[in-house]
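Residue numbers begin at 1 in each chain, while the letters A, B, ... track the order of the sequences. This one's a predicted model, so the numbers in the text were calculated from it and none came from an experiment.
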There are 2 protein chains.
Amino acid sequence: MPTSAPPSNARERQKRERRLALIEAAQRLVGERGLDDVTVEEISSAAGLSTRTFFNYFDSKDDAVLGIQEIGVDAEVRAQFVSGGPTGRLMSDLEALVAGFLDHAAPNIEQGERAMRLMIAEPRLVQRHIAWHQRVVAELEALLSERRTARPSPVDDDTIGMVAGLLLRASALAWARSGYEGDAAAHLPEAVAQLRLLLDD
Amino acid sequence: MPTSAPPSNARERQKRERRLALIEAAQRLVGERGLDDVTVEEISSAAGLSTRTFFNYFDSKDDAVLGIQEIGVDAEVRAQFVSGGPTGRLMSDLEALVAGFLDHAAPNIEQGERAMRLMIAEPRLVQRHIAWHQRVVAELEALLSERRTARPSPVDDDTIGMVAGLLLRASALAWARSGYEGDAAAHLPEAVAQLRLLLDD
DNA sequence: CAGTATTCTTGCAGTGAGTGCAAGTTGCAG
DNA sequence: CTGCAACTTGCACTCACTGCAAGAATACTG
């Protein structure tokens, strides 16, 4: 569902195409020559756009290589979590919330996969990726503090947020290890199980 | 112990002083005018050094504001962990290892505290800090894979590494919340307890 | 369909981070 | 004092990134 969704609007379609073209060019060139030997100008003109336009789409070269974009959760999932649901048990509800984020996390599997591979060769990209990840966690934490009024918890927001982030990332890694089998959220229970296994060791 | 330790060597002393002077200047100026309205040149000359020398000490402006430096663990703690000790139970040994890192993490409490405050005002610094944090976790993960030969575990390195990172950060946050009471490692058990509390909810 | 509003692209000019190099300075050992 | 190694500095340079204003493409209205 995320990979498709073709917009009828001509403007939206071009926007999407240009965005993908920039990511494609960035990943290809960086894969060939390395992150520091490719300039934004080269990426832009490979995608048939001006350097200036590149920066209308991405905040930095690194962001384009990773294909970074804002993600969120469905309003209903959000509302349910904030009001103390769906089960009322924090750990289970956290799982549902993280699953909600994962549903929107991978707009294009091929590009995501290439981004993963590039991160191995270019450690700086890992850092950028984690910075993005952190923004997602910050959003999770905002929901947490809203929920707190409906259903208090003895555990710090910090800790809960970090656990949520851990689950998000562990699921994505497990998904990648499986060769992108099913969707990312399907690997969430596995991540939770691993975490429990470690703690109960 | 970390704050003091004056080196007899004149060269080492100057190096330390210059480093601290750069951090001090960076934090002061950024606190007054904001991260993007202070140039490296201003920081450098406020510290009585050239711009070029600034980059002999730090990789970036952000690093100087955070006072980022490489940290590690004592060789003995490292060796013990790698060979499967000290207790043989992974979760406990992980705790010992994280404590070993925490012992070296805060060379100067005042500057660390100011860095924390600046991170609130400048989100970019949080990202940089997390990137640094990630380097520490990467080192932890290297130790993990070494240990694995001595004492295998059913839990992924990724997951263990993330848990270690979580404990590192949660301890630091708890330490900060306590007003920097005792040393950072003293707050580790609290972090572990919180984590267990959440999982067993 | 014509005309207008809106949104997006682009060139331009500029700031400032960060780097390699080579020459000077400073502390150190014999 | 002399030669050595480490460190600092200025210089020239590349390139990421930004604001601005003009122009092009697209959407909207009657």
Side-chain angles (χ1 to χ4, degrees), chain A residues 6-23 25-27 29-30 32-69 118 122-125 127-128 131-132, chain B residues 6-23 25-27 29-30 32-69 118 122-125 127-128 131-132:
Chain A
S8 54
N9 195 331
R11 207 157 230 166
E12 286 302 312
R13 197 195 55 228
Q14 269 214 339
K15 212 162 161 179
R16 189 191 200 83
E17 280 170 5
R18 285 174 167 161
R19 192 190 145 76
L20 290 178
L22 284 171
I23 298 174
Q27 291 184 337
L29 290 170
V30 169
E32 287 168 10
R33 316 215 300 262
L35 195 51
D36 288 325
D37 286 317
V38 174
T39 67
V40 171
E41 192 183 342
E42 290 170 317
I43 294 170
S44 311
S45 59
L49 295 169
S50 75
T51 305
R52 192 61 188 79
T53 300
F54 175 96
F55 287 106
N56 291 345
Y57 281 84
F58 296 100
D59 286 342
S60 70
K61 182 164 67 175
D62 299 15
D63 281 10
V65 176
L66 294 176
I68 279 180
Q69 66 180 351
L118 288 171
E122 307 276 359
R124 218 178 68 205
L125 291 179
Q127 302 191 352
R128 198 85 183 193
W132 163 83
Chain B
S8 54
N9 194 333
R11 209 157 229 166
E12 286 302 313
R13 197 195 56 229
Q14 270 214 337
K15 211 162 159 180
R16 190 192 199 82
E17 280 171 5
R18 285 175 167 162
R19 192 190 145 76
L20 290 179
L22 284 171
I23 297 175
Q27 291 185 338
L29 290 170
V30 169
E32 288 169 9
R33 316 215 299 261
L35 194 50
D36 288 325
D37 286 318
V38 173
T39 67
V40 171
E41 192 183 343
E42 289 170 319
I43 294 170
S44 311
S45 61
L49 295 169
S50 74
T51 305
R52 192 61 188 80
T53 300
F54 175 96
F55 288 105
N56 291 345
Y57 281 85
F58 297 100
D59 286 342
S60 70
K61 181 166 66 174
D62 299 15
D63 282 10
V65 176
L66 293 176
I68 278 179
Q69 66 181 352
L118 288 171
E122 306 277 359
R124 220 178 68 205
L125 291 178
Q127 302 191 351
R128 199 84 183 192
W132 162 84

Self-check item: Atom-to-atom span, CG of B:Asn56 to C1' of C:dG20 - whole angstrom
Solution: 12 Å
Practice problem: Determine: side-chain N/O of A:Tyr57 to OP1/OP2 of C:dT9, distance under 4.0 Å, yes or no. | Solution: yes
Quiz prompt | Check: A:Asp36 and A:Arg124 side chains under 4.5 Å, non-hydrogen atoms | solution = yes
Self-check item: Contacting residues from residues 35-53 of chain B, given that a heavy atom lies under 4.0 angstrom of DNA chain C
Solution: B:Val38, B:Thr39, B:Val40, B:Arg52
Practice problem: Could you verify whether a donor N or O on one side chain and an acceptor N or O on the other, from B:Arg18 and B:Thr53, lie under 3.5 Å apart? | Solution: no
Practice problem: Would you mind reporting whether A:Phe58 and A:Ile23 have side-chain heavy atoms less than 4.5 Å apart? | Solution: yes
Each nucleotide N or O in nucleotides 23-28 of chain D that has a protein N or O under 3.5 Å away: list the pair and distance.
unit_1	atom_1	unit_2	atom_2	d
D:dA25	N3	A:Arg11	NH2	3.1
D:dA27	OP1	A:Asn9	OD1	2.5
D:dA27	OP1	A:Ala10	N	3.3
D:dA27	OP1	A:Arg11	N	3.0

Exercise. Answer yes or no: is there a side-chain heavy-atom contact under 4.5 Å between B:Glu41 and B:Phe54?
Key: no
Quiz prompt | Between C:dG16 (P) and B:Arg124 (CZ): distance, integer Å | solution = 13 Å
Quiz item: Roughly, in whole Å, what's the span from CZ in B:Arg19 to P in D:dT8?
Solution: 13 Å
Practice problem: For B:Lys61 and D:dC17, give me the distance from atom NZ to atom P, rounded to whole Å. | Solution: 13 Å
Quiz prompt | Side chain proximity check, B:Asp63 to B:Trp132, heavy atoms < 4.5 angstrom | solution = no
Quiz item: Atom CG of B:Leu29 and atom CG of B:Asp37: how far apart are they, to the nearest 0.5 Å?
Solution: 11.5 Å
Quiz item: Does C:dT9 have OP1 or OP2 sitting under 4.0 Å from an N or O in the side chain of A:Arg18?
Solution: yes
Quiz item: Is A:Arg16 salt-bridged to A:Glu12, cutoff N-O under 4.0 Å?
Solution: no
Quiz item: Going by the salt bridge (Lys or Arg N to Asp or Glu O under 4.0 Å) test, which pairs reach into residues 46-61 of chain A, not counting sequence neighbours?
Solution: none
